[in-house]
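Quick caveat: nothing in here was measured; it's all calculated off a predicted structure.
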Amino acid sequence: MEDDAPVIYGLEFQARALTPQTAETDAIRFLVGTQSLKYDNQIHIIDFDDENNIINKNVLLHQVGEIWHISASPADKGVLATCYNKTSDSKVMTCAAVWRMPKELESGSHESPDDSSSNAQTLELLCHLDNTAYGNMACVAWEPMGDGKKLISLADNHLLLWDLQESSTKAVLSGSVALEGKGQLKFTSGQWSPHHNCTQVATANDTAIRGWDTRSMSQIYCMENAHGQLVRDLDFNPNKQYYLASCGDDCKVKFWDTRNVGEPVKTLEEHSHW
């Protein structure tokens with residue numbers, strides 16, 4: 001690997017949403033969502049051929065708005081969820097929806113890299129995650145070991161648990177909990193733990209990290225000042241059930257043991273930018 005030149009893939013628009021397609025076990029595949037105010041946004045399906053060190057791609061149109069977060073179903077490689085900006089009555093709302101890609105793209109048939117995206121296909125809307133009563137969606141996360149029927153979403157100060165029914169064409173709210181405290185509390189990021197029979201979720205809001213039990217929708221741990229500034233993202237170690245990593249605007253990466261949340265296990269300070 002060290003001898004290989006890096007493989008670079010260029011996007012037509014800016015992007016800040018990326019996810020691996022974990023349901024695809026035969027190929028290395030990522031989904032990238034773009035952000036454009038003027039043009040139809042796109043989801044790029046990127047296949048990395050590690051034997052030949054090349055990238056193949058497909059482009060899907062995401063016509064409803066800028067993509068701020070994207071996540072792929074762990075059980076069905078044709079299904080994904082996006083959080084996107086929508087303008088209505090001169091207000092910008094961040095909504096979330098579940099989509100299906102065209103059947104022929106699920107198996108990874110691709111264009112050659114120099115084909116234009118003018119023949120791009122459109123995603124099929126399966127259902128919206130109705131956030132009318134809860135606020136702007138920050139992210140959506142699927143139950144990692146499940147059948148692709150359960151997911152959580154974070155909307156302003158609400159953690160929402162959804163059940164997908166009728167072939168994912170209907171999303172039913174099965175549980176919710178709200179952050180309580182002074183000021184305008186808002187979730188920024190969340191991750192579902194692959195351990196403990198997928199009954200735990202970790203969330204970030206401001207400088208705090210909290211753990212939640214999805215069975216009772218109650219808080220089970222809290223690192224109140226996990227970072228000196230906003231916590232940007234977090235993730236669980238798939239091989240060690242109590243370990244969690246976080247990164248923040250204080251340019252630090254921290255590793256936590258959720259059984260003892262008083263101090264991080266390790267802190268890295270190699271970055272000079274969030």
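Nearest heavy-atom pair, A72 versus P20, reported as atom, atom and distance to 0.1 Å: CB-O, 3.7 Å. Contact between G146 and A75 at its shortest, heavy atoms only, is O-CB, 3.8 Å. Across W256 and S246, no two heavy atoms sit closer than the pair NE1-OG, 2.9 Å. Of all heavy-atom pairs between G190 and C139, the closest is N-SG, 3.5 Å. Minimum interatomic distance between N53 and F48 (heavy atoms only, all atoms of both residues): OD1-CZ, 3.3 Å. Nearest approach of L125 to A97, heavy atoms of both residues: CD1-CB, 3.7 Å.
The closest side-chain donor-acceptor pair between T22 and K77, if any, does not fall under 3.5 angstrom. Counting only N and O atoms by type, the side chains of H62 and T82 include a donor and acceptor under 3.5 Å apart. For the 3.5 Å distance criterion, the side chains of H195 and Y242 fail to qualify, holding no donor opposite an acceptor. With hydrogens and angles left out, the side-chain atoms of S189 and D233 include a donor and acceptor closer than 3.5 Å. Side-chain N/O atoms of W162 and S153 include a donor and acceptor closer than 3.5 Å. Between the side chains of W212 and S218, no donor-acceptor pair of N or O atoms lies under 3.5 Å. In summary, the side chains of N260 and D257 do not present any donor paired with an acceptor at a separation below 3.5 Å, with no hydrogens or angles considered. Between the side chains of W68 and T94, no donor-acceptor pair of N or O atoms lies under 3.5 Å. In this structure, a donor-acceptor pair under 3.5 Å is absent between the side chains of D213 and T199.
Around atom CD of Q165, more than 12 heavy atoms belonging to other residues, nucleotides or ligands sit under 6.0 Å away. Residue-environment remark: CG (N197) stays at or below the threshold of 12 foreign heavy atoms within 6.0 Å. Atom NZ of K150 has 12 or fewer heavy atoms from other residues, nucleotides or ligands within 6.0 Å.
Listed for the D206 side chain is no donor-acceptor partner under 3.5 Å among the backbone atoms of A208. Looking only at distances, a side-chain donor or acceptor of T188 sits under 3.5 Å from a matching main-chain atom of V231. Between the D49 side chain and the N52 main chain, a donor and an acceptor come within less than 3.5 Å of each other. Side chain of D250 to main chain of G228: a donor-acceptor pair is present (N/O by atom type, distance under 3.5 Å, no hydrogens or angles).
Cluster membership check: W99 shares its hydrophobic cluster with M101, using side-chain heavy-atom separations under 4.5 Å among Ile, Leu, Val, Met, Phe, Trp and Tyr. Under the 4.5 Å side-chain heavy-atom criterion for Ile, Leu, Val, Met, Phe, Trp and Tyr, Y84 and I45 are members of the same hydrophobic cluster. L234 and V261 fall within the same hydrophobic cluster, defined by Ile, Leu, Val, Met, Phe, Trp and Tyr side-chain heavy atoms under 4.5 Å apart, directly or through other members. Hydrophobic clustering (side-chain heavy atoms under 4.5 Å, transitive across Ile, Leu, Val, Met, Phe, Trp, Tyr) groups M137 together with L126. One hydrophobic cluster, built from ILVMFWY side chains closer than 4.5 Å, holds both V79 and V140.
Each of M223, K254, Q191 was checked for a side-chain contact (heavy atoms from CB on, under 4.5 Å) with L244, and the lone residue meeting it is M223.
Looking at heavy atoms from C-beta onward, K170 lies out of side-chain contact with C127 at the 4.5 angstrom threshold. The shortest distance between side-chain heavy atoms of Q63 and Q42 does not fall below 4.5 Å. Taking the side chain as every heavy atom from C-beta outward, V32 and L11 approach each other to under 4.5 Å. The closest side-chain heavy-atom distance from T19 to F30 is not below 4.5 Å. Between I46 and R29, the closest side-chain pair of non-hydrogen atoms is not below 4.5 Å. A 4.5 Å side-chain heavy-atom check between T267 and V253 finds every atom pair outside the cut-off. At a threshold of 4.5 Å between non-hydrogen side-chain atoms, the residues M93 and N136 count as touching. The shortest side-chain heavy-atom distance between W192 and M145 does not fall under the 4.5 Å cut-off.
A salt bridge between D76 and R100 is present, with a side-chain N of the basic residue lying under 4.0 Å from a carboxylate O of the acidic one. Taking the charged nitrogens against the carboxylate oxygens, K57 and D47 have no contact shorter than 4.0 Å, which rules out a salt bridge. For the pair E66 and K86, the salt-bridge criterion is not met [side-chain N within less than 4.0 Å of a carboxylate O].
Applying the salt bridge (Lys or Arg N to Asp or Glu O under 4.0 Å) rule to E270 yields no partners; only residues at least two apart in sequence or on another chain are considered. For D147, the salt bridge (Lys or Arg N to Asp or Glu O under 4.0 Å) test picks out no residue, with sequence neighbours left out.
Here the straight-line distance linking atom OG1 of T207 with atom CG of N205 works out to 7.5 Å at 0.5 Å rounding. Rounding to the nearest 0.5 Å places NZ of K186 at 9.5 Å from CG of N157. Taking CZ from F187 and NE2 from H158, the interatomic distance works out to 9.0 Å, rounded to the nearest 0.5 Å. Distance check, rounded to the nearest 0.5 Å: CZ of R16 to CD1 of I67 gives 13.0 Å. Rounding to the nearest 0.5 Å places CH2 of W142 at 5.5 Å from CG of L164. Rounding to the nearest 0.5 angstrom, the gap separating the CD1 atom in I209 from the NE2 atom in H227 is 5.0 Å.
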Worked verdict on L80 versus I70 for side-chain contact (heavy atoms from CB on, under 4.5 Å)
CA-CA 7 Å; L80 60 129; I70 185 169; 4.1 Å; yes
Determine whether D130 and H128 satisfy the following criterion, side-chain contact (heavy atoms from CB on, under 4.5 Å), listing intermediate values before the conclusion.
CA-CA 6 Å; D130 183 10; H128 288 286; 5.7 Å; no
Could you check F13 against Y39 for ring pair (Phe, Tyr, Trp, His ring centres under 6.0 Å), going step by step and ending with a plain yes or no?
CA-CA 9 Å; F13 308 123; Y39 305 101; 5.8 Å; yes
Go through L160 and L173 one step at a time and tell me if the side-chain contact (heavy atoms from CB on, under 4.5 Å) criterion holds.
CA-CA 7 Å; L160 308 170; L173 189 66; 3.7 Å; yes
Test log, rule side-chain contact (heavy atoms from CB on, under 4.5 Å), inputs Y243 and V265:
CA-CA 9 Å; Y243 287 89; V265 179; 4.0 Å; yes
Take K149 and S168 through the test side chain to side chain donor-acceptor pair (under 3.5 Å) and record every step on the way to the result.
CA-CA 7 Å; K149 299 299 176 201; S168 301; 3.3 Å; yes
Under the side chain to side chain donor-acceptor pair (under 3.5 Å) rule, what do N41 and T34 come out as? Steps first, then yes or no, please.
CA-CA 6 Å; N41 281 284; T34 67; 3.0 Å; yes
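H44 and Y9 have their aromatic ring centers within a separation under 6.0 angstrom.
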